[in-house]
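Below is one structure, written out as structure tokens, with a few remarks after it.
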Amino acid sequence: DILLLEPGTRLPADARLVKAHHLTVDESSLTGESLPVVKRAEDNPQSSTLADRRNMAHLGTVVSGGDGRAVVVETGDATELGRIQALASSSHRPLTPMQEQLNTVSTQLAVLSSGICALVFALGLIRGQPRLAMLNTAISLAVAAVPEGLPAISNSLLATGIRRMRRQNVLARHLDAIENLGAIDVLCIDKTGTLTENRMQVVEVDAGVARLDLTADEAVWRPQAKLVDSRLWKVLALCNEAEQADGEWRGSPTENALAEAVQRAGLDLEALRRTMPRSKVRYRSESRPYMVTSHHYPRRRGRFQAVKGRPKQILARCTHIRKGRRRQRLTDAMREETLRRNQELMDQAYRVLGVAWRHFEGDSGETRAEGLEWLGLVAMADPLRPEVLELLPRLEKAGIRTIILTGDQRGTAAAIGRRAGINGNGEVRVLGADELEQLSEHLLLEEVQRTHVFARVSPAMKLKLVRALQRSGHRVAMTGDGVNDGPALRVADVGIAMGRSGSDVARSMSDVVLTDDRLQSIIDAMAHGRSGYANLQKAIEYLLSTNFSEIEVMLAAIAAGLPTPLSPIQLLWINLMTDVFPALAIGFEAPEWDVLKRPPAEFGRGVIDRKRLGHLLQQSLVISGGTLASYLYGLNRYGVGSKANTQAFMTLTLAQLLQSLSSRSRSSSLFRPKGPPPNVWLRGAVVGSIALQLGTALPGIRRVLGVAPMGPVDWLVVSAGSVFPVLVNEALKRAEPGQGER
């Protein structure tokens, strides 16, 4: 099949060009190249880099200018787009570590609890306790000790995180995205359309006496625009192919940017074109890197010739220069200064155009660019998103390293990295695709640790870089909007796609979609991810500390030769009251004030590391101590029986419920000004559970649970035994080094 190409044509297949006339193609979604690519029929298509295949047009790209013909060479899965999709389909995201760790914790708890319960049973028999009674007690203790609702609680907490993130225009497509967001320590950002806005914008005009910064507030540069000779704005308006339709400019990104700049300067572009109609045009070509148009003056003799293009070639055809309203002879010193300024702008990754004009009589030399008058330089760029300069420092403070992956040339990539502040004020290390291909596996793992920007990378290279980071022990998030980002989005621990500007492929391969395209939402999502993971850890620690306290109370009493302080039905009741609603309510904790000042969660250390295990054992021992003290009081006053057991039952249950308040934060004390934010869900769960517990003293329920009536002194002892552990645990938390500073 032969394809006829013209502006707006979307390629239906991969095709080789047989004819091209000023043909440019927007390949940004496929290669990440921010500017339209000039295509030529005579180039060699066998380049290893997709972006360098100048005589090929690929499925999914769009013709942005010129025209041409191409013969179809590949369709469907055999196209470059099809290969990228196949690569993405064959790439599998690593298993979420949370489920693995929860399974490990549950198995360990089951083994530990079974061993301890067997020990309790054996000690009871040694102490002469009835065999059947001890068997019931041991089985009940085993059931109560294992947090069997942990998987349900973890899924509920993650679902809650998804709902919270959606309110901030962050759509999580998978539950595991929430937990992984909390552990991300490397963020790979695609440049075009993610770090930048994927459009061209005039950022600076250097007209000799005036230098306009068009990125500044309009109130700042608009008065200065009057200092620029009107001929410069006329050239940008007349030597331009952009057409306006429905309030938008339809043309190449460069032409659209120039037209918008003319409008911002206060000129009516359409009216100017009507009063100065075009008579002749010569388009830019490989041998002529500039465009020339000729126009009739509205009410005077002669013609206006507008020229724009590569500054060095245009400057060589100029004899004079415009300095404000003065026309001067162009000297060698002026040429050198202009070329130096052009290089400065190019070093900042700007696309720079030279602008010139001349007046001539008659028809001769209508499109011959000679004897021109230099007007100035116009610098354009794909602007950074407004929030980028604020985002990267916040990511660094949160312990997250940022890497830029782009299909742009090395110089452009380096300049973008510097403008974005990828390494603060330090040197930006850039690695190109040609260097990447020559690295061994070992050297690649070293380079990903120290390189800030990877340039000219293909979809397969992005995938390779993400996997190398993962093999180095990092948790990687990948942002992107194009087809070329699909494989890397799929294999990253968290793939983040743009909702508005992103392609269907990018969104389908991602875990998280920013529905408003705001990069700032990434920080909000990571805060919720860290908070969700932290809340799950808090809930697990709360469950383990309270369940351990039950085992410790039973084990200590039997080992000391005392009667069992709790009956099997009481153990199951305690499990029902303390293991469900308070643990779920802890998952509704809002992010703490310092959540983004802490390092990312380290999955390698486990949900409960040795340090935290020591802390929760400390908490459980304090709860057990208060309960045993209350039980000993009951034994001393009432002797063996239900009254002493009631003291232990009430104290242990209330102490565990109050412990949930202390479990809200690992570092912030409940009694400090910067304590955790209010949690109405936990408050309601604790108050409701305490009410149910106090209801066990009512006559109807007392008989079922074996609870005896209690006097005022008994309640005073229970209150002291249940409140004391919370006060001790909060005091120990405040004494911990670095508390309140994390």
Side-chain angles (χ1 to χ4, degrees), residues 22 202 205-210 212 224-244 249 251 254-255 257-285 287-332 334-335 338 342 352-378:
H22 310 298
V202 175
V205 173
D206 190 335
V209 297
L212 294 136
Q224 297 178 348
K226 297 178 181 178
L227 301 176
V228 177
D229 191 273
S230 62
R231 294 174 182 83
L232 183 142
W233 301 116
K234 287 180 180 178
V235 170
L236 298 184
L238 299 173
C239 192
N240 194 312
E241 292 290 290
E243 299 289 342
Q244 197 167 32
W249 290 104
T254 297
E255 304 287 68
L258 296 175
E260 290 172 2
V262 171
Q263 280 191 325
R264 291 183 65 193
L267 274 71
D268 187 336
L269 190 146
E270 294 296 330
L272 183 62
R273 287 178 172 178
R274 286 193 299 269
T275 57
M276 298 184 69
R278 180 187 297 180
S279 60
K280 287 285 182 69
V281 59
R282 290 188 75 186
Y283 290 103
R284 181 186 181 113
S285 68
S287 60
R288 186 178 54 257
Y290 51 83
M291 178 179 176
V292 185
T293 58
S294 297
H295 305 266
H296 294 283
Y297 283 112
R299 289 181 296 274
R300 56 176 284 194
R301 292 182 58 189
R303 300 192 183 184
F304 182 100
Q305 187 179 68
V307 184
K308 77 172 193 297
R310 192 173 298 170
K312 186 175 181 179
Q313 277 70 19
I314 292 180
L315 192 63
R317 287 163 173 76
C318 291
T319 57
H320 292 77
I321 187 170
R322 178 67 54 170
K323 293 278 189 179
R325 299 184 181 277
R326 294 165 49 202
R327 184 173 185 264
Q328 301 179 24
R329 192 78 184 175
L330 187 61
T331 65
D332 290 341
M334 292 177 180
R335 292 179 191 275
T338 302
N342 174 53
V352 187
L353 294 178
V355 182
W357 84 290
R358 77 178 175 107
H359 169 84
F360 66 96
E361 301 286 346
D363 295 334
S364 62
E366 266 197 301
T367 56
R368 190 172 63 248
E370 294 177 354
L372 301 174
E373 182 179 313
W374 179 263
L375 297 176
L377 295 166
V378 177

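As a basis for the values below, the full set of heavy atoms in this structure was taken, side chains included, without hydrogen atoms, waters or symmetry mates. For this chain, numbers begin at 1 and follow the sequence in order.
A donor-acceptor contact under 3.5 angstrom links the side chains of Tyr290 and Arg317, judged on distance only.
Taking the charged nitrogens against the carboxylate oxygens, Arg278 and Glu241 do have a contact shorter than 4.0 Å, which makes a salt bridge. Taking the charged nitrogens against the carboxylate oxygens, Arg303 and Glu361 have no contact shorter than 4.0 Å, which rules out a salt bridge.
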For this session: For side chain to side chain contact (heavy atoms under 4.5 Å, CB included), just list the numbers for Asn342 and Leu315, CA-CA rounded to whole Å, side-chain angles, deciding distance to a tenth of an Å, and then say yes or no.
Result: CA-CA 11 Å; Asn342 174 53; Leu315 192 63; over 6 Å; no
Problem set entry | Verdict with supporting geometry, Leu372 and Thr319, side chain to side chain contact (heavy atoms under 4.5 Å, CB included) | CA-CA 6 Å; Leu372 301 174; Thr319 57; over 6 Å; no
For this session: Go through Trp233 and Val205 one step at a time and tell me if the side chain to side chain contact (heavy atoms under 4.5 Å, CB included) criterion holds.
Result: CA-CA 10 Å; Trp233 301 116; Val205 173; 4.2 Å; yes
For this session: Check the pair Leu330 / Arg335 against side chain to side chain contact (heavy atoms under 4.5 Å, CB included), numbers first and verdict last.
Result: CA-CA 7 Å; Leu330 187 61; Arg335 292 179 191 275; 3.5 Å; yes
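Formation of a donor-acceptor pair under 3.5 Å by the Thr275 side chain with backbone atoms of Pro298 is not found in this model. When atom types are taken as modelled, the side chain of Arg327 and the backbone of His320 share no donor-acceptor pair closer than 3.5 angstrom. Asp206 contributes no side-chain N or O that, together with a main-chain N or O of Leu377, makes up a donor-acceptor pair within less than 3.5 Å. A distance-only check finds a donor-acceptor pair linking the side chain of His295 to the backbone of Met276 [under 3.5 Å].
Between Trp357 and Phe304, the two ring planes are parallel [angle under 30°; tilted spans 30° to 60°].
Across all non-hydrogen atoms, the minimal contact from Trp374 to Ala356 is CA-CB, 4.3 Å. The shortest non-hydrogen separation linking Ala237 to Leu272 is CB-CD2, 3.7 Å. Nearest heavy-atom pair across Val235 and Val307 is CG1-O, 3.5 Å. Closest approach of Ser279 to His296, counting heavy atoms only: CB-NE2, 3.6 Å. Contact detail for Gly354 and Ile314: the closest heavy-atom pair is O-CD1, 3.3 Å. Shown here for Leu375 and Arg322, the closest heavy-atom pair between the two residues is CD2-CB, 3.8 Å.
The closest side-chain heavy-atom distance from Arg284 to Arg310 is below 4.5 Å. A heavy-atom distance below 4.5 Å is not found between the side chains of Gln263 and Glu270. You'll find the side chain of Thr254 reaches within 4.5 Å of the side chain of Leu353, heavy atoms only. Proximity of Leu269 to Arg273: side-chain heavy atoms (C-beta onward) are separated by under 4.5 Å at one or more points. For the pair Leu258 and Glu260, the minimum side-chain heavy-atom distance is 4.5 Å or more. In this structure, the side chains of Arg329 and Met334 stay at 4.5 Å or more apart for every pair of heavy atoms. Counting heavy atoms from C-beta on, the side chains of Val281 and Met291 come closer than 4.5 Å. Under the 4.5 Å side-chain criterion, counting only non-hydrogen atoms from C-beta, Gln305 is not in contact with Glu370.
In this structure, Arg358 satisfies the cation-pi test against Phe360, with its NZ or CZ atom closer than 6.0 Å to the six-membered ring centre and inside 45 degrees of the ring normal.
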